[in-house]
Asks: 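So that we are looking at the same thing, I have put the structure below in C-alpha cells.
The basis for the numbers below is simple: all heavy atoms, side chains too, and nothing from hydrogens, waters or symmetry mates. Positions are given from 1, in the same order as the sequence printed here. Bear in mind that the values here come from a model prediction, so they are computed numbers and not experimental data.
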Amino acid sequence: LMPLGYQCTIFEKQPRPGGLMRINIPAFRLPEEVLDEEIGYIVNMGVTMKYDSPVASLKQLADSKEFDAIFIGSGAPKGKELDLPGRHDTDQIFIGIEWLESIHFGHVTSVGKRVLIIGVGNTAMDCCRSAKRLGATDVKVIARKTRKYFKASPWELEDAEEEHVDILENHSPIRFIVENGKLTGMEFDTFTAREENGKLVQEPAGRTIVPCDTVILAIGQENAFPWIENDLGLEFDKWHVPKVDKVTFQATRPEVFFGGDAAFGPK
C-alpha cells in the first residue's frame, strides 16, 4: 500500500487488472468477482491503472524519471520443463501454468480421458481439478515423495480428492511412452518410504507404467525477467533471483523493489 500523499501507477499487461491471478488461477478457486472486489480496494485509493501496457524495458522506465520508485511484482510466470525421453514426440504434454492460461482464454476446451499431473503444488491442484472439468474421467497426481512433503495446501489436496483425483506417492518419472506419435503412458521408478530421525528415506521398489492420454507438468515455476537489462546495477543470484533486502524488499538499485514470487521465487 502506498503512503498517503504519494501517487501510484500500475502497469498491467492484461486489459483487466489481476494478471497471473486472473488467468492462471481457475475461477472455481478464485472467483473473478472476489478478485475484482479486492483490486477495487486498491484502485479506489487513487491508483492510476495503465492497461495493455507491458513493460518491455526496465531501463527505459527508470530513465524516464517519471517515477521515484519502481516495484516489481511480476510473479513466477515460467513453468519448469521435464526433459525426459519422449517429451517432444507428442502434442499431449503441457506446461501446467501455460495450460491453465490457455483454458482461461478458451484455447483449450478438452483433454484426454486419462490425465497425469506431475507435481504436487497448488498449481498441480488447479490443473487436476481443471482436467476434471474438461471431461477427464481418470486423473492422477504424481508425487516423488510422501504427503508430508507436498507443497500444496492441505485444503487444496482435500478438494482434489473430493473430486475423485488419485494421488500416487513415491513415483519418480523415467520416460514418456509414445507409440506412433500417440502418448499412451509414463514409466516411473517407485519407492517404499519411511522416516528416520525426521528425514525421509526411500528405497527402490521397482518400476511401473501408468497409462495416460495427456500429461500436465506442474513441477514448479520460475521468475523470468527478459525485460530487465543487465547493466542497471541490479544483482541476481545464480538462479536469477534478485538480491533484495528481506525487510524492505529493496534491490541493489535503490529505487527498485521486488515483492512476492518475483522477489523470492514461488514460496
Asks: Sorted by first residue and then second, give each salt bridge (charged side-chain N to carboxylate O under 4.0 Å, His left out) pair with at least one member in residues 179-190; sequence neighbours left out.
Replies: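 Listed once each, the pairs are Arg175-Glu187, Asp189-Arg207.
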Asks: Mind checking whether Asn223 and Ser74 have side chains closer than 4.5 Å, heavy atoms only?
Replies: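 Heavy-atom side-chain distance check fails, nothing below 4.5 Å.
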Asks: Going hydrophobic residue to hydrophobic residue with side-chain gaps under 4.5 angstrom, can you get from Val139 over to Ile216?
Replies: yes
Asks: Determine whether Leu58 and Leu234 make a side-chain contact, defined as any pair of heavy atoms from C-beta on separated by less than 4.5 Å.
Replies: yes
Asks: To check you understand the geometry: which heavy-atom pair defines the closest contact between Ala131 and Val115, and what is its length?
Replies: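 Scanning both residues completely, I find the closest heavy atoms to be CB-CG1, 4.2 Å.
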Asks: Is there a chain of hydrophobic side chains (I, L, V, M, F, W, Y, each step under 4.5 Å between heavy atoms) that links Leu84 to Leu217?
Replies: yes
Asks: Check the pair Asn170, Thr192 against side-chain contact (heavy atoms from CB on, under 4.5 Å), reporting the backbone distance first and the verdict last.
Replies: CA-CA 7 Å; Asn170 298 306; Thr192 59; over 6 Å; no
Asks: Work out which heavy atom in Cys128 is nearest to a heavy atom in Ala160; give both atom names and the distance.
Replies: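 Of all heavy-atom pairs spanning Cys128 and Ala160, the closest is SG-CB, 3.8 Å.
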Asks: Within the distance-only criterion (no hydrogens, no angle test), does the side chain of Glu229 pair as donor or acceptor with the backbone N or O of Lys59 below 3.5 angstrom?
Replies: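 Yes.
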Asks: Quick one: pull up OH in Tyr51 and CD1 in Ile10 and give me the separation to the nearest 0.5 Å.
Replies: 8.5 Å
Asks: Roughly how far, to the nearest 0.5 Å, is the CD1 atom of Ile97 from the NZ atom of Lys78?
Replies: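 Rounded to the nearest 0.5 Å, the NZ-CD1 separation comes out at 12.0 Å.
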Asks: Test of understanding: with side chain to side chain donor-acceptor pair (under 3.5 Å), list the residues that count as partners of Thr190, not counting sequence neighbours.
Replies: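 Partners of Thr190 under the side chain to side chain donor-acceptor pair (under 3.5 Å) test: none.
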Asks: If you look only at pairs with a residue in residues 183-222, which of them pass as a ring-ring contact (aromatic ring centres under 6.0 Å, His included), with sequence neighbours excluded?
Replies: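 Found His171-Phe188.
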Asks: Is there side-chain contact between Glu195 and Leu200, with at least one heavy-atom pair below 4.5 Å?
Replies: yes
Asks: Please find the pair of heavy atoms, one from Leu30 and one from Val34, that lie closest to each other, and give the distance.
Replies: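 Looks like CD1-CG1, 4.3 Å.
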Asks: So does Trp155 get a backbone contact from the side chain of Ser153, meaning a donor-acceptor N/O pair under 3.5 Å?
Replies: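 Absent.
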Asks: What pairs meet the ring-ring contact (aromatic ring centres under 6.0 Å, His included) rule with one or both residues in residues 223-260, with sequence neighbours excluded?
Replies: Phe225-Phe236, Phe225-Phe258, Phe236-His240, Phe249-Phe264
Asks: Test of understanding: clusters of I, L, V, M, F, W, Y form through side-chain heavy atoms closer than 4.5 Å, transitively. Do Ile174 and Ile118 belong to the same one?
Replies: no
Asks: Between atom CD1 of Ile25 and atom CD of Glu32, what is the distance when rounded to the nearest 0.5 Å?
Replies: 11.5 Å
Asks: Quick check against the 3.5 Å criterion: does Thr214 have a side-chain atom that pairs as donor or acceptor with the backbone of Gly112?
Replies: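 Judged by distance alone, yes, a pair lies under 3.5 Å.
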Asks: According to a 4.5 Å side-chain heavy-atom criterion applied to Ile, Leu, Val, Met, Phe, Trp and Tyr, with indirect links allowed, do Leu116 and Ile103 form part of one hydrophobic cluster?
Replies: no
Asks: Do the non-hydrogen side-chain atoms of Ile167 and Glu161 ever get within less than 4.5 Å of each other?
Replies: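 When only atoms from C-beta onward are counted, Glu161 and Ile167 do touch, with a gap below 4.5 Å.
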Asks: How about Met125 and Leu157: do any of their side-chain heavy atoms sit closer than 4.5 Å?
Replies: yes
Asks: Should Val47 and Leu35 be counted in the same cluster of Ile, Leu, Val, Met, Phe, Trp and Tyr side chains packed under 4.5 Å apart?
Replies: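 Same cluster: Val47 reaches Leu35 through Ile, Leu, Val, Met, Phe, Trp or Tyr contacts under 4.5 Å.
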Asks: For atom CG of Asn180, is the number of surrounding heavy atoms from other residues, nucleotides or ligands below 6.0 Å larger than 12?
Replies: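 Atom CG in Asn180 is not crowded, with 12 or fewer foreign heavy atoms closer than 6.0 Å.
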Asks: Is the terminal nitrogen or CZ of Arg133 (NZ for Lys, CZ for Arg) located under 6.0 angstrom from the six-membered ring centre of Phe28 and within 45° of that ring's axis?
Replies: yes
Asks: Is Lys145 atom NZ crowded by more than 12 heavy atoms from other residues, nucleotides or ligands, each under 6.0 Å away?
Replies: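 Atom NZ in Lys145 is not crowded, with 12 or fewer foreign heavy atoms closer than 6.0 Å.
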Asks: Nearest 0.5 Å, please: how far is CD in Glu156 from CG in Asn122?
Replies: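 Going from CG on Asn122 over to CD on Glu156, the span is 4.5 Å.
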Asks: Pairs in or reaching into residues 232-242: which pass salt bridge (charged side-chain N to carboxylate O under 4.0 Å, His left out), with residues at least two apart or in two chains?
Replies: Glu235-Lys243
Asks: Quick check for you: to the nearest 0.5 Å, what is the distance between Arg29 atom CZ and Ser130 atom OG?
Replies: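 Atom-to-atom, Arg29:CZ and Ser130:OG are 9.5 Å apart.
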Asks: Begin with the C-alpha distance, continue with both residues' side-chain angles, and end with the deciding distance and a verdict on side-chain contact (heavy atoms from CB on, under 4.5 Å) for Val55 and Ile72.
Replies: CA-CA 11 Å; Val55 176; Ile72 298 170; over 6 Å; no
Asks: Under the side chain to side chain donor-acceptor pair (under 3.5 Å) rule, collect the residues that match up with Arg253, sequence neighbours excluded.
Replies: Glu255
Asks: Locate the shortest heavy-atom distance separating Asn24 from Glu101; write the atom from each residue and the value.
Replies: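 Distance-wise, the nearest heavy atoms are ND2-CB, 3.5 Å.
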Asks: Checking Phe176 against Leu183 for the side-chain contact (heavy atoms from CB on, under 4.5 Å) test, could you report, in this order, the C-alpha distance in whole Å, the side-chain angles of both residues, the deciding distance, and whether it holds?
Replies: CA-CA 7 Å; Phe176 301 94; Leu183 179 68; 4.2 Å; yes
Asks: Taking Gln202 for the side chain and Arg144 for the main chain, is one N or O donor matched with an acceptor at less than 3.5 Å?
Replies: yes
Asks: Take atom NE2 in His88; do more than 12 heavy atoms of anything else shown fall under 6.0 Å from it?
Replies: yes
Asks: Quick one: OG1 on Thr123 to CD1 on Ile95, what's the gap to the nearest 0.5 Å?
Replies: 11.5 Å
Asks: Is it true that a side-chain atom of Ser64 and a backbone atom of Ala62 form a donor plus acceptor pair closer than 3.5 Å?
Replies: no
Asks: Go through the steps to decide whether Cys127 and Phe94 satisfy the test side-chain contact (heavy atoms from CB on, under 4.5 Å), and finish with yes or no.
Replies: CA-CA 11 Å; Cys127 289; Phe94 303 93; over 6 Å; no
Asks: Can you tell me if Thr252 uses its side chain to pair, donor with acceptor, with the backbone of Gly233 under 3.5 Å?
Replies: yes
